[in-house]
Amino acid sequence: MNGKKEHVKTEGYDVVVAGGGMAGVCAAIAAARLGVRTALIQDRPVLGGNASSEMRVWMVGATAMGRNRYAAETGIIGELDLENLYRNPQGNPYIWDSILLDFVMHEKNITLYLNTTVLRAYEKNSRLESLIAYQMTTETELEIHAAFFIDCTGDGRVGFLAGVPFFQGQEERGRFHESLAPEKSEPVTLGSTLLLYTRDTGHAVKYHAPDFAYGIEYIHKLITENEKSLSLETNGCDFWWIEVGGEGDTIAEGDVIRAELQKLVYGIWNYIKNSGLYSAETWELEWVGSLPARRESRRMEGAYTLTQNDILQHKTFPDAVCGGGWPIDTHPPGGIYSKKEACEQRDAGVYQIPLRCLYTQKLKNLFLAGRDLSASHLAFASARVMKTCAVMGQAAGVAAALCARWKTLPAGLSDSQMFKLQQELLWDDQWIPGVNYNREVRATEIKASGFSRFENEMRDTTHRLDEDLWIMLSALPECKGIQFYLNSDVPCLYEIECLCGTQRNACNDMAVLGTAHACLEGKAQWVEFQFEFSVPEDRDLFLRLPAAAVELAVSRTPVCGCVGSIGGRTGLRLVNPCFRLNEASGFFAPEQAFTAFTRPTFRPNQWVSRPLSKEPAWLQCSLDILQEEKIEMQVIFDTDLNRDYNQLRPNYYGNGWNRMPPQLARNFRILASPDAKEWRCAATYRDYHRRFCRLKIPEKMRYVRVEILSTWGAPCASIFAIQFRAVSTDQTDVF
């Protein structure tokens, strides 16, 4: 007989990431891409955390479901969104799992430990030295050492085990001087939810509820008395309000919470199927989560604590490394049992998150990212959503890798090192609101095959103004009027309201500028509305077209810098209005691709070609560099940053977002030349990425050209930015 044999391994890395949710995945990838040896520890068999097939929560972020325009996250989470859209347009949760796994396994510097739980943490001299973890599938105990650790466990498990102070519950108003906080602290949190998926089979399906499920009468009373919305169309994350556990300890009582949620979920489905109140004969229960999706538990105490005031006042930080934009979204602790509204939301706009929220003071080499960031309960209520957690993860991953390279601690970063950290994040397409990329290599002699005006004349169909239509346009201080292609049932005087936003990207606060009117003649034609006001240079323009017996010509293709929203300023029921402007003709000029911006910020900030024909559209420049320098370049394309993309229900909002962004480049090539006469083709690509072509440019190649042969559907090609920098690594392709 074989005797007992322990499996024990000791491993060492530069960076160890604990937790394989969206924050942990992005942190590990970011660190590994900078060449450091990275371990990713995940206690589940799949990656993604709340976004995985095990829990199936739809990811949201700074766009805040239409409240903030052109605020979609880029960087690694943006890459994952596009990859999922390309490979998985139907939103299959298991394919999404495989994409996350594929991204992690693609990085040669990542060692992945699945089914591995952190058991103990050892610290010495104010530094975390090692973690003890157990991998249950191999019955192996791991002792893992590293220079830096990143706690992405959501519950702050690493920090907790190492004795880092933490916040739990709601702080009293005086703690952080937050107006929305309670007078006294309360030991309550946001609760947990168990989701369910349903589907119509087309044939009769019976359902017999398990004995543990709550009965029909119990559910009926609960739903009606607490005014919960329920219909056959309710599916997936529509059931977010099945929430409990906020009045207890979401960690210690986690299994009790799971059992209660199962009673509710199976009871609610039994109510839908067998109460007789719904025509559910052909519907079946397709999937029920086995793990509750936890919203809140511990928040670790970092070098700085983000607060409600930082978010609502849009405080700027010298060490900003990422941003958020989801509203301050609080839920009653009683969850489904509360008679209060299931959530209260306070619009936040777009705000910065500093690096100091992402590392601890007690342990100098421990970073934080995700739900365990250093934040008050109210700030956390905004920053907790997964795409914001993901950008925190990328920021922490890059910071940890650079600290390892520079042999310094995060609290010891100099001003110049912090600047380099921010620039590395920006180069890697992380969006840091209010912080722009510093072009260390300048482009001159900028030329293009041509460019379009800032307008949309592609009249594909019409939209009847049965509801108010709100149109947001990039700042137009020089514009004195706008034309729309309109048709009215009868001749009439039609008046539109003109407003401007009070903060960048946000649709929540408005200042009225005036009105403009025009006579409609009862036939389809271009109609001009003249402005007797000026739009502030740093504010977006909003136009409200009131509901009337009027039809507006609309296009299938969006134009960057113009968004039409049906029924209100915010929301995701969108159209692309046809319009003309008398001014702003240079909005899409080639120089726009060589500014500091890589998304619309008061201007579209992109080059847009003339309509593509047999000849490719091209954009070229020369490099203002010393002859002996080696340069790498990248191109940033347009992926429609106004999208509120849902990774598991891509077309949930009915805007055709189960297809690739039409303005994204599809077939293109990169060329170089020493004299702009003889061009050498580096390569021809067929692609679907926003950021592409990290290429080393030989010293003699002073001129670079990007030629676009086709898009994913738009008639014109577009580029947000062509960027260059001195070569710092060997991790690029070579001509």
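FYI, the numbering just counts along the sequence from 1.
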Answer yes if the side chains of [X] and [Y] hold a donor-acceptor pair under 3.5 Å, and no otherwise.
| X | Y | answer |
| --- | --- | --- |
| T63 | N68 | no |
| S290 | E54 | no |
| N88 | N92 | no |
| N84 | Y645 | yes |
| Q308 | S179 | yes |
| E281 | H203 | no |
| Y351 | S382 | yes |
| Y337 | E260 | yes |
| Q345 | R67 | yes |

Charged N to carboxylate O below 4.0 Å: is that the case for [X] and [Y]?
| X | Y | answer |
| --- | --- | --- |
| D102 | R87 | yes |
| R157 | D43 | no |
| R464 | D489 | yes |
| R371 | D155 | yes |
| E79 | R690 | no |
| E227 | K340 | no |

Within a radius of less than 6.0 Å around [atom1] of [X], do more than 12 heavy atoms belonging to other residues, nucleotides or ligands occur?
| X | atom1 | answer |
| --- | --- | --- |
| E341 | CD | no |
| R346 | CZ | no |
| Y86 | OH | no |
| E225 | CD | yes |
| Y688 | OH | yes |

Relative to each other, are the rings of Y271 and H220 parallel, tilted or perpendicular (30° and 60° limits)?
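Ring orientation of Y271 relative to H220: tilted.
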Worksheet item: Do the ring planes of Y214 and Y218 sit parallel (below 30°), tilted (30 to 60°) or perpendicular (above 60°)?
Response: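 Plane angle under 30°, so parallel.
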* **E171 and R299: CA distance, side-chain angles, deciding distance, salt bridge (charged side-chain N to carboxylate O under 4.0 Å, His left out) verdict** => CA-CA 12 Å; E171 296 81 23; R299 291 165 278 116; 3.0 Å; yes
Please confirm whether the backbone N or O of [Y] pairs with a side-chain atom of [X], one donor and one acceptor, at under 3.5 Å?
| X | Y | value |
| --- | --- | --- |
| N50 | R56 | no |
| S565 | W470 | no |
| N576 | V554 | no |
| N226 | I336 | yes |

Walk me through it: do R295 and E243 pass the test salt bridge (charged side-chain N to carboxylate O under 4.0 Å, His left out)?
CA-CA 10 Å; R295 288 182 176 85; E243 178 180 358; 3.5 Å; yes
Notebook entry, point to check: Can the positive tip of R199 be found less than 6.0 Å from the middle of the six-membered ring of W283, inside 45° of the ring normal?
Noted result: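 No, R199 and W283 do not form such a contact.
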Cation-pi between R298 and F160: NZ/CZ under 6.0 Å from ring centre and within 45° of the ring axis?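 Output yes; distance and angle both within limits.
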### Query
Do D329 and R384 pass the salt bridge (charged side-chain N to carboxylate O under 4.0 Å, His left out) test, and can you show the C-alpha distance, the side-chain angles, and the key distance before you say yes or no?
CA-CA 9 Å; D329 182 5; R384 65 186 173 86; 3.1 Å; yes
